[in-house]
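Comments concern the structure below.
Only a predicted model underlies this, so the values are computations on that prediction, with no experimental measurement involved.
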Amino acid sequence: MSDHLDGLSAREDPRLDISDVYLFRGQFGTVFVINTNPLSGPGGFHPEALYEFNIDTDGDGIENIALRATFLPPDPTGDQPLVLRQVTGSNATNRYAPGHIVAYGRTNENITGSTGIKLFAGSAGEPFYIEKNVVTAVRTAVINGSKLDLSAYDPSKATNLFGKTNVSAIVLEVPNTLFGSATTIGFWGSVTLPTDAPGGWRQIDRAGNPLVSTLYGFNEGDAYNAAPTKDDLASYGEKIASMTARAVAVNGTAEDPDKYGASVRDILVPDMLHYRIGSAAFFGVDRRNGRGLTENTPEAMFHIVLNRNVDMGLDAGSATGTLRPRFPYLSKPVPPPYG
């Protein structure tokens, strides 16, 4: 559950639940992925929502480029018309800004936009994999500040919680010229609904680094998902640092727990993926640069938050389906019944 079943509001409608985001080098540009609808729930995309690819090009934690996908209700075939708009500069933070259309078409087809941007939105095999008993043990240790207890985990029975499931994926491949002179970018995904409340929009879910909301218990409410990424340090930095420090102190995995907690805070806050444009993606313990589709990010995150190796007994072969070498890169969806 990298970001699966995340928050109370997102659980009510899986179309609004971001399971994971990815960022890596594609065949001709940079690839961004937002996966929603974990556990093969009712497919498709919410017709009132903004699915937002937020890109920070100057390192201040605020989006300078927003690529926003919107969908119409499904037609009799089950497919949905969609439009992708680009908003840049100071307007990128304004959800009312119309921007300009860069691609349009229908779900479950590869679309090429006017600027060379590629777009796919539709069903795909779930690239994420995790062992339920292991993530539960790590989460419990972090939230409760307790010893890691893996007694419920049997390595001989390691099972991918999301094996043979599909997601609703939105995949973009954009020319690197989109980023101007920037050499590194930050990226997070968000899903937002219109509301009559002040501000006019309600952010339902967001995702950047894998497993943050799960491991720190933020997915038990809506506050973290609704918060702007630029406020992460002020709102959640100290909590992440103190919870990490307490966990490594109890487990005896850091000589200076407070210093280690602060270092983890600096890795995870603000909650976005960072990527050097044009380079190979890698998400590991000591180095992180974007995120590839079937990397073992759970084990990397377990090590980061507890400062020790935690083996799940799973690898890339545990993911659903087989990745495609060309756009849209994710596996084709697996047929029902699932799992």
When you check the gap from the basic side-chain N to the acidic O, do [X] and [Y] get nearer than 4.0 Å?
X: Arg139; Y: Glu220; value: yes
X: Arg202; Y: Asp196; value: no
X: Arg246; Y: Asp258; value: no

Can you check whether [Y]'s main-chain N or O pairs, donor with acceptor, with [X]'s side chain at less than 3.5 Å?
X: Glu109; Y: Phe120; value: no
X: Ser123; Y: Pro333; value: no
X: Asp315; Y: Gly317; value: yes
X: Arg288; Y: Gly284; value: yes
X: Arg276; Y: Thr184; value: no
X: Glu126; Y: Phe128; value: yes

Interatomic distance, CG@Leu293 vs CZ@Arg291, rounded to 0.5 Å, equals 8.5 Å

Sorted by chain and number, sequence neighbours left out, salt bridge (Lys or Arg N to Asp or Glu O under 4.0 Å) with Arg68 holds for Glu52

Centroid-to-centroid, Phe187 to Tyr275, below 6.0 Å?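 Not close enough - the centres of the two rings lie 6.0 Å or further apart.
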
Heavy-atom closest pair (Ser19 atom, Thr36 atom, distance to 0.1 Å) is OG-N, 4.0 Å

message: Students often mix this up, so state it plainly: with edges at 30° and 60°, are the rings of Phe45 and Tyr51 parallel, tilted or perpendicular?
response: perpendicular

Practice task
Look at the rings of Phe218 and Tyr216 and say which category their plane angle falls in: under 30° parallel, 30 to 60° tilted, over 60° perpendicular.
Solution key: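 Rings of Phe218 and Tyr216: parallel, as their planes differ by under 30°.
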
